[in-house]
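These notes are about the structure you will find just below.
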Amino acid sequence: MVVYGDGFQAVSDSLLVVLVAIEQALRAVPPVVFVAAVAALAFAAGRSLRLAAAMAAVCWFVGALGLWDQAMQTVAIVLVSVAISVLVGLPLGVLAAKRATVRAGLAPLLDLMQTIPSFVYLIPAAMLFGLGKVPAILATVVYATPPLVRLTDLGIRQVDAAATEAARAFGASPRQLLWGVELPLALPAIMQGVNQTVMMALGMVVIASMIGARGVGETVLLGLQRGDAGQGFVGGLGIVLLAVAFDRITQAWGRRLQAGRGG
Amino acid sequence: MRDAPPAGAPMIEFAAVTTLFGRRPQRALERFRAGADKAALLAEGHVLALADLSLTIAPGEFFAVMGLSGSGKSTLIRHVNRLIDPTAGCIRVDGIEVSALDRRGLEAFRRRRVAMVFQHFGLLPHRTVLENAAYGLEVRGEPRAEREARAAAWLERVGLAGYERHMPQALSGGMRQRVGLARALAVETPVLLMDEPFSALDPLTRAELQDELAALHRGHGRTVLFVTHDLDEAARLADRIAILRDGAVVQVGAPADILERPADEHVRAFVGAVRRDRPQPPSSPFASPSAG
Ligand SMILES: Nc1ncnc2c1ncn2[C@@H]1O[C@H](COP(=O)(O)OP(=O)(O)OP(=O)(O)O)[C@@H](O)[C@H]1O
Ligand SMILES: [Mg+2]
């Protein structure tokens, strides 16, 4: 039933290579090392030992639930999806901030992407790319990118006009203005967008597992299919724990950026 | 140079500049040329910011622009580096026709010919004091070591040695404006634009910075275009003063001229109001209805 176009095949293949590499790396790393790395990341993001310890505890608990391998698969999908969302969403957000026509054209599209139930575009995604990880990633990207576009757009338009005027007065080119003034000053808003994108990507893992993506979502799905409330609960808890870890770390990072700016 | 109007090639020249804000400035321009006044244009949805204004400023001159709120001072000064485009007329700086520059030409012009100091400082909050002071040099591509050395020298000059690594928000208003001043001086442009640079500062700090600016001006001979609400400030610093009203120049002359021989009732009231109650900004019964 599945007919691959060459283009789709190529996209699909390269995505898969990246995803599998990340997944295998994450699963090959001893859990202790992974937990330590998360703690270090949390500390780097928030400069708080308490946050680092809490994040390490969350990771340990995921392992204690027996979800380690699945969690690593989920983390890999989320990382790849978020990376693609950022690559697509950030430039779109910048364009929207710069051109009112782009913003006007994008708005209904973003609304659609967020409001159409994901099942609806899972089907065409699965038809184009077959079942498995790649359509799951694409569906996740479609669902998770809009908040990043919106917050990037908003963040750039809210940059203090006095700062951009000064930069222009000294002869900044549009590129110097964007990279040297607008993006850095919009960074707290952009980080908030990334945070939301991560949360929405995690929210998609159960749905993604329906088209064959491996990960924590599978446990929930199995629980549902077998009417096994216990298993469903364990899987759900695993997702929540991952969400807490991603959320706390990205938020701490965003807050520190904001503080460095002094408002 | 204090009394006589400047002779020779001007440094800054406004030739019949008209600027209208609104949806259809060209249409409004026709209406203005057909005799519509500011109030009529405003009723049609356009603000007449500059009205057929001509002005020449000589090299090395310290030129102050005064006028009531809304008279077009900020608009005027922003034409010199084309942060605002005129609807009609032309602006020349050092022989360069600013309105004719393309994007790259305009960038090069802003990098080399004009620097600006802003009322609300316009510092970049994510950069240190040193990085802010070096911004103009950075934009024109000077190597880091060189630009930071020069910025540091100018920071020292304006009394901020030791604050290089601070963030602007950690500084008082007076110190922030010193950073703004260092940033503008570091690029060593022939023209310096200042839009009410000291009006957000307390009187003591203001007087201090005025003295420093006067000393710097004597030492470097740049052309300074300076917007202020403060007649004392203008009288202390400027070679000549222009009084603006509704986007047109009502009088240009040496400070003594303006004070002793006001050209009309408006200037008399303006000068009188400033002198009578000094701490207040000028507010007079002659304020135009659209001012504010
Ligand atoms: N971007 C703009 N769009 C529309 N109207 C504008 C714009 N900028 C300025 N104006 C109007 O042009 C007129 C002149 O404004 P300008 O800021 O030059 O006055 P000003 O003399 O600097 O006043 P102040 O002393 O309050 O700073 C005002 O009526 C103002 O409302
Ligand atoms: Mg002004």
Under a 4.5 Å heavy-atom cutoff, which of A:Ala162, A:Pro174, A:Ala163 has the most pairs with chain B? A:Pro174

Looking at B:Arg140, B:His120, B:Arg103, which has the largest count of heavy-atom pairs under 4.5 Å with chain A? B:Arg103

Among B:Glu138, B:Arg127, B:Arg183, who wins on heavy-atom pairs under 4.5 Å with chain A? B:Arg183

Quick one: [atom1] on [X] to [atom2] on [Y], what's the gap to the nearest 0.5 Å?
X: B:Leu137; Y: A:Phe170; atom1: CG; atom2: CZ; result: 9.5 Å
X: B:Arg110; Y: A:Ser173; atom1: CZ; atom2: OG; result: 11.5 Å
X: A:Glu165; Y: B:Leu83; atom1: CD; atom2: CG; result: 5.0 Å

Closest contact, heavy atoms only, [X] versus [Y]:
X: A:Ala169; Y: B:Asn81; value: CB-ND2, 3.7 Å
X: B:His126; Y: A:Pro184; value: CD2-CB, 3.4 Å
X: B:Gly122; Y: A:Ala166; value: O-CB, 3.2 Å

Within a 6.0 Å radius of atom CD on B:Glu156, are there more than 12 heavy atoms belonging to other residues, nucleotides or ligands? no

Just wondering, more than 12 heavy atoms not from B:Tyr163 lying within 6.0 Å of its OH? no

Worked verdict on B:Glu107 versus A:Gln176 for side-chain contact (heavy atoms from CB on, under 4.5 Å): CA-CA 11 Å; B:Glu107 278 163 18; A:Gln176 288 171 324; 5.9 Å; no

Which answer fits B:Leu123, side chain, backbone, both or neither, if we ask what part of it has an atom under 4.5 Å from a heavy atom of chain A? backbone

Given that the side chain runs from C-beta out, which part of B:Arg78 has a heavy atom under 4.5 Å from chain A: side chain, backbone, both or neither? side chain

Contact class of A:Ala161 relative to chain B, heavy atoms under 4.5 angstrom: neither

